[in-house]
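Below: the structure, in structure tokens.
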Protein chains: 2
Amino acid sequence: MAATDTALAGLRQMIASGALGPGAKFPPEPELCDQLGVSRSSLREAVRSLAALGVIESRHGSGTYVSALDPAEIISRFSLSVELIPLEGVLELLEVRRVLEAHATASAAARQDAGLADRLAEILDRLEATTDAAEIQQLDAEFHGAICAAGANPTVTALTAVIRGRGGHYRIFEPGVDFDAIKQTSDRGHRAILAAITHRDPAAAATAASAHIAQTELWLRALRPDPQPN
Amino acid sequence: MAATDTALAGLRQMIASGALGPGAKFPPEPELCDQLGVSRSSLREAVRSLAALGVIESRHGSGTYVSALDPAEIISRFSLSVELIPLEGVLELLEVRRVLEAHATASAAARQDAGLADRLAEILDRLEATTDAAEIQQLDAEFHGAICAAGANPTVTALTAVIRGRGGHYRIFEPGVDFDAIKQTSDRGHRAILAAITHRDPAAAATAASAHIAQTELWLRALRPDPQPN
DNA sequence: TGGGCATGAATGGTCTGAGGACTTGCGGGA
DNA sequence: TCCCGCAAGTCCTCAGACCATTCATGCCCA
């Protein structure tokens, strides 16, 4: 096997076998090189690979450690690659977000955490008052993020956040011909979601969230130069 | 900025800016080192990072290329990290799978691709006839995979496959006290899903799929040495 | 003329050695 | 007791050399 792959497999197995749990420290690089029978260059490339995936962390001057192996953190690493996916692929990802956020929004409506509705209303007030694209982006993320945090587990929250972040790179909300219409539709969508949560109506919440994101999908699809059916 | 991070940012920007699209070839390593102002070691570590994320590919003797940037392929790369997540985190991931597969199964029932029901029935026949853990694992993946492929987009299919693969590492189906009961319950769950698809009943399909995976969650939770609430 | 094959340039993969940069814990001094 | 400096430990970066693989060129032979 190639040297880097050998090192990669060796490091993974140290974790998979349970020899090194979350937060554990690896031996120093020279020692690992001996154990795995590869040079430092190859070892370091393997370490970088796993670090990119959020599985291990290197701390300059301190050592190399197994990460917390928290699924939400690992999923967050995905943003590095997801942000490079072209529009075609983003539309596929939005189906994931739509389904997951509909679920999370319904759960949030059912659970009705104390103060959630008030926090959401406050966010929407600010959101409706601004026309700055970056600020819209930010407040929209806060709104949906708060709902996911209240309704779903951290993994779902992280996954939807990654996809939301990617979609946001396409500036739907740049001032232009349709800006006012789009902004108003978006604002109404948010209010519908909040109303469903306030009324503790999970089914309505799921529908409202699903419709809201489906609308985003339509806007993004319109940005595509050559919108092919499917 | 640190050398490797500089190289990483540079490579990412080449893709993000559109200068290099899917499948495009990077300049040779020495040339990239010049452009980015880093040594070959640092450049190679950056390349490895992006390769681990499925964003670029190095081909020995040929060159370094931008990957297809296909979301399904990129998500598949996650299995490398997801497989190291401890049981605690797997339970969170299963909520994602449950929601997504319920959606995909409902879609499959609604679309009713030609021959889908027959293919699924054939898989279930083989699944019910075996007691080999590895074969059960394999056929279960085939069954759910076929449904996802028929009902959802490739991204959803890839994401559920990654999570399914991780869960499978916990051997629920090892011969033991509860083996027969678990196997029978699982088989019944599969038949319920197939029935809903055959009857073109999306709501029933979603419910059946959700219940089936929720059952898996319960079994996995039972494996946890110290089952804490929440 | 066409196909198979040797060959060499291009390119990524690996190893070695050296020095720099950062973190951390220890011990001395105020 | 607290602060500071110091030194050991560790990862980070660079440079150079050589190996392994790919691929296109062009030759040779049928």
Side-chain angles (χ1 to χ4, degrees), chain A residues 1-15 19-69 73 77 80-81, chain B residues 1-15 19-69 73 77 80-81:
Chain A
M1 193 190 308
T4 303
D5 293 339
T6 303
L8 212 113
L11 293 173
R12 287 193 78 240
Q13 193 178 355
M14 287 183 190
I15 302 174
L20 293 177
K25 182 177 180 177
F26 282 95
E29 290 180 349
E31 193 170 327
L32 275 177
C33 292
D34 272 359
Q35 287 184 26
L36 301 171
V38 299
S39 71
R40 270 193 69 222
S41 325
S42 300
L43 173 69
R44 284 186 54 77
E45 290 186 15
V47 167
R48 283 283 183 184
S49 289
L50 292 176
L53 293 170
V55 171
I56 70 184
E57 296 171 13
S58 283
R59 297 178 207 155
H60 191 175
S62 174
T64 304
Y65 304 81
V66 180
S67 80
L69 293 180
E73 281 180 25
R77 287 310 183 92
L80 291 175
S81 47
Chain B
M1 194 190 308
T4 302
D5 292 340
T6 303
L8 208 102
L11 293 173
R12 288 193 77 240
Q13 193 177 356
M14 288 183 189
I15 303 174
L20 293 176
K25 182 177 180 177
F26 282 95
E29 290 182 348
E31 195 170 327
L32 275 177
C33 291
D34 271 359
Q35 286 185 26
L36 302 172
V38 300
S39 72
R40 199 163 156 235
S41 324
S42 299
L43 172 70
R44 284 186 54 76
E45 290 185 15
V47 167
R48 284 283 184 184
S49 289
L50 291 175
L53 293 169
V55 170
I56 71 184
E57 296 171 14
S58 281
R59 297 177 208 155
H60 191 176
S62 173
T64 304
Y65 303 81
V66 181
S67 80
L69 292 181
E73 282 181 25
R77 286 312 183 92
L80 291 175
S81 47

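No hydrogens, no waters, no symmetry mates; every other heavy atom, side chains included, goes into these values. Letters A, B, ... are given to chains in the order of the sequence lines, protein chains preceding strands, and every chain is numbered from 1. Worth saying up front: this structure is predicted, and the values here are computed from it rather than measured.
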Every protein N/O lying under 3.5 Å from an N/O of nucleotides 4-7 of chain C:
none

Partners of Ala52(A) by side chain to side chain contact (heavy atoms under 4.5 Å, CB included), sequence neighbours excluded? Ser49(B), Ala52(B), Leu53(B)
Which atom of Ala68(B) lies closest to which atom of Glu73(B), heavy atoms considered: CB-OE1, 4.3 Å
Distances under 3.5 Å only, N/O to N/O: pair up the protein atoms with those of nucleotides 10-12 of chain D.
from: dC11(D); atom 1: OP1; to: Thr64(A); atom 2: N; distance (Å): 3.4
from: dC11(D); atom 1: OP1; to: Thr64(A); atom 2: OG1; distance (Å): 3.3
from: dC11(D); atom 1: OP2; to: Glu29(A); atom 2: N; distance (Å): 3.0
from: dC11(D); atom 1: O2; to: His60(A); atom 2: NE2; distance (Å): 3.1
from: dC12(D); atom 1: OP2; to: Arg44(A); atom 2: NH1; distance (Å): 2.6
from: dC12(D); atom 1: OP2; to: Arg44(A); atom 2: NH2; distance (Å): 3.2
from: dC12(D); atom 1: N4; to: Arg40(A); atom 2: NH1; distance (Å): 3.4
from: dC12(D); atom 1: N4; to: Arg40(A); atom 2: NH2; distance (Å): 3.1

Under the criterion side chain to side chain contact (heavy atoms under 4.5 Å, CB included), I'd like the reasoning laid out for Leu69(A) against Val55(A): C-alpha separation, chi angles, the key distance, then a yes or no. CA-CA 6 Å; Leu69(A) 293 180; Val55(A) 171; 4.2 Å; yes
OP1 or OP2 of dG13(C) versus the side-chain N and O atoms of Ser42(A): is any pair under 4.0 Å? no
Separation of dC14(D) atom C1' from Asp34(B) atom CG, nearest Å, is 14 Å
Take Tyr65(A) and Ser39(A), find for each the nucleotide of DNA chain C with the closest heavy atom, and name the residue whose nucleotide sits nearer the 5' end. Ser39(A)
Could you state the atom-to-atom distance from CD of Glu31(B) to C1' of dA10(C) in whole Å? 12 Å
Would you mind listing every salt bridge (charged side-chain N to carboxylate O under 4.0 Å, His left out) that reaches into residues 2-14 of chain A, with sequence neighbours excluded? Arg12(A)-Glu83(B)
The criterion is salt bridge (Lys or Arg N to Asp or Glu O under 4.0 Å); which residues satisfy it with Glu57(B), sequence neighbours excluded? Arg59(B)
The test is side chain to side chain contact (heavy atoms under 4.5 Å, CB included); show your working for Leu80(B) and Leu50(A) and say whether it passes. CA-CA 9 Å; Leu80(B) 291 175; Leu50(A) 292 176; 6.0 Å; no
Holding to salt bridge (Lys or Arg N to Asp or Glu O under 4.0 Å), I want the full list of residues that pass it with Arg48(B), two or more places apart in sequence or in another chain. Glu45(A)
Report all side-chain donor-acceptor pairs from residues 21-38 of chain A shorter than 3.5 Å, counting only partners two or more places apart or in another chain.
from: Lys25(A); atom 1: NZ; to: Ser62(A); atom 2: O; distance (Å): 3.3
from: Glu29(A); atom 1: OE1; to: Arg40(A); atom 2: NE; distance (Å): 2.9
from: Glu29(A); atom 1: OE1; to: Arg40(A); atom 2: NH2; distance (Å): 2.7
from: Glu29(A); atom 1: OE2; to: Arg44(A); atom 2: NH1; distance (Å): 2.8

